[in-house]
Amino acid sequence: MIHVGRVYKSFGSNTAIDNVSLDIAVGEHVVLLGPSGSGKTTLLRMINGLITPSSGSIRINDVDIRERPQNELRRQIGYVLQRNSLFPHYTVEENIGVVPNLLKWDKRMTGKKIRELMKKLHLPETYLSRMPDELSGGEAQRVNIARALAADPPILLMDEPFSALDTLTRKSIREEFMQLDEFRRKTVVMVTHDIQEAFELGDTIALLHQGKLVQHGKPLELLYNPADDFVKGFLSNDYLKLSLGATSIADLWNYLPVENCDEEGFFAEPVGDTTLWKAMESFQDKNRAGQFIAMRDEHSGEWKRVTWSNLMHAYRLLQNNNRR
Ligand SMILES: Nc1ncnc2c1ncn2[C@@H]1O[C@H](COP(=O)(O)OP(=O)(O)OP(=O)(O)O)[C@@H](O)[C@H]1O
């Protein structure tokens, strides 16, 4: 869907993006990760036409973005910025409705969409007439996200959308956001320098270093098969935490012994979405504490009875297998 082809961008003598090619599939959530100054924001801003490449091209659905009228790009791409980028003289309602109004949507349809998004993002309707300076940082960022989603664009670009928030607000907005249907079915390109966030939100990670794309792959591929020493070093500090959070029970399923369990277990989350980290946590939960957890693979319908050591053993087998 998005094709970045041999793109260079320099500002004077400074090369910000150095021969980057990247293909992003429809529905893929890709996180641009890398140290400060590695070119993440520049690349993101080139995808929505705010910065023009010095050479190379960016195509969306096979059309060069330079050939697309501005209005069409706006309809296709929602953009969420890090800091409060709401229009200060517009109310919450006017801010969320900016793109639908520009696209001359029917007023009733716009109003309905605004209210629907506010509900989903836990913003009370009484906020419709508030001004941005009457909102907390977390509320303003929810409005920002609602604004980017309002015209239901197939692509969402996000530049450190949660970084200005305190840790707790950040975690809750991020989790709510990940549950939204609107997020799940869109193609998303997000910039962050938070490795944990990248591993939670990205189907794939594009790791940049000094303007070059050093590796683009699934989180586990970067962990187990780093392209070079830079990738290895960049991820090494958080290695264990990341790996446990990035491994899903579905990844481990075939390494878990078949000890049938016919009772409905208390472990309700679908196996495909449950991470190893989460499963480990459930052993610590006093209310549920037990020797095993019961898990069900939603594809085959198979139940397994899993102990802590089963989990750890399966994890080691997966690692050994991936390293081979
Ligand atoms: N408008 C500009 N004029 C001159 N240099 C720029 C401009 N925008 C970016 N740069 C330079 O391009 C390089 C990449 O910057 P960019 O903002 O894309 O990095 P980043 O990875 O997003 O960094 P950060 O994580 O700190 O936001 C940097 O060296 C930066 O100084």
Side-chain angles (χ1 to χ4, degrees), residues 2-24 28-60 65-66 70 73 77-86 137 140-141 144-145 148 155-167 170 173-174 177 187-217 219 222 226-238 242:
I2 304 176
H3 171 74
V4 176
R6 302 179 63 86
V7 164
Y8 280 90
K9 177 68 193 177
S10 55
F11 296 101
S13 59
N14 183 8
T15 303
I17 289 292
D18 190 357
N19 193 22
V20 166
S21 295
L22 176 66
D23 279 307
I24 302 168
E28 184 173 337
H29 293 171
V30 55
V31 174
L32 305 181
L33 183 67
S36 185
S38 55
K40 306 179 292 291
T41 297
T42 305
L43 183 57
L44 192 79
R45 289 167 70 87
M46 286 198 283
I47 296 176
N48 75 349
L50 287 173
I51 296 180
T52 311
S54 308
S55 69
S57 70
I58 296 178
R59 302 172 79 81
I60 294 179
I65 59 166
R66 283 170 292 200
Q70 268 299 319
L73 268 186
I77 301 179
Y79 192 36
V80 184
L81 288 166
Q82 170 182 5
R83 272 176 243 296
N84 190 354
S85 56
L86 298 174
Q141 201 55 343
N144 231 327
I145 292 172
I155 299 171
L156 199 57
L157 305 183
M158 309 180 85
D159 196 351
E160 306 233 17
F162 311 113
S163 68
L165 307 172
D166 63 81
T167 322
R170 178 180 184 148
I173 294 193
R174 196 167 67 196
F177 182 63
T187 305
V188 180
V189 188
M190 188 180 98
V191 166
T192 184
H193 57 254
D194 178 333
I195 301 181
Q196 188 77 39
E197 190 163 279
F199 274 69
E200 275 178 43
L201 294 178
D203 298 323
T204 63
I205 293 177
L207 186 57
L208 292 160
H209 179 43
Q210 295 175 341
K212 290 192 165 66
L213 177 65
V214 277
Q215 192 166 4
H216 176 215
L222 271 74
D228 61 16
D229 285 346
F230 170 77
V231 182
K232 209 170 179 173
F234 193 79
L235 301 178
S236 63
N237 290 342
D238 293 296
L242 289 171

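FYI, the numbering just counts along the sequence from 1. In listed order, ligands and their atoms are each counted from 1.
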Shortest protein heavy-atom distance from atom 26 (O) of ligand 1, along with the residue and atom involved: S36 OG, 2.6 Å
H193 to ligand 1: N or O pair under 3.5 Å? no
Starting from atom 25 (O) of ligand 1, locate the nearest protein heavy atom and write down its residue, its atom name and how far away it is, to 0.1 Å. K40 NZ, 2.8 Å
In this structure, atom 12 (O) of ligand 1 is nearest to the protein heavy atom A16 CB, 3.3 Å
Looking only at heavy atoms, what is the nearest atom pair of V7 and S57, with distance? CG2-O, 3.6 Å
Protein contact to atom 29 (O) of ligand 1 [nearest heavy atom, distance to 0.1 Å]: N14 ND2, 3.2 Å
Look at atom 9 (C) of ligand 1 and say which protein heavy atom is nearest, naming residue and atom and giving the distance to 0.1 Å. F11 CE1, 3.5 Å
If you have a sec, work out which protein heavy atom is nearest atom 18 (O) of ligand 1 and how many Å separate them, to one decimal? T42 OG1, 2.5 Å
What is the distance from atom CG of L73 to atom CD1 of I65, rounded to the nearest 0.5 Å? 6.0 Å
May I ask you to check if ligand 1 and G39 share an N or O to N or O distance below 3.5 Å? yes
Hey, is the main chain of M190 close enough, under 3.5 Å, to the side chain of K40 for a donor-acceptor pair? no
Should G12 be listed as contacting ligand 1, given a heavy-atom distance under 4.0 Å as the test? no
Protein contact of atom 14 (C) of ligand 1 - nearest heavy atom, named by residue and atom, plus distance: G37 O, 3.5 Å
Among all protein heavy atoms, pick out the one at the shortest distance from atom 27 (O) of ligand 1; state its residue, atom name and that distance to 0.1 Å. T41 OG1, 4.0 Å
Under 4.0 Å to a heavy atom of P35 - the qualifying atoms of ligand 1, by number: 21 (O)
Backbone N/O of R6 and side chain of S21: donor-acceptor pair under 3.5 Å: yes
From T41 atom OG1 to L157 atom CG, the distance as rounded to the nearest 0.5 Å: 11.5 Å
Quick check: closest heavy atoms across Q141 and L81, and the distance to 0.1 Å? NE2-O, 3.1 Å
Nearest heavy-atom pair of R174 and D194: which atoms, and what distance? NH1-OD2, 4.4 Å
Is a side-chain N or O of D229 found less than 3.5 angstrom from the main chain of K232, in a donor-acceptor match? no
Which of these, V20, V30, L208, sits in a side-chain contact (heavy atoms from CB on, under 4.5 Å) with H216? V30
Close N or O approach (E160, ligand 1; < 3.5 Å): no
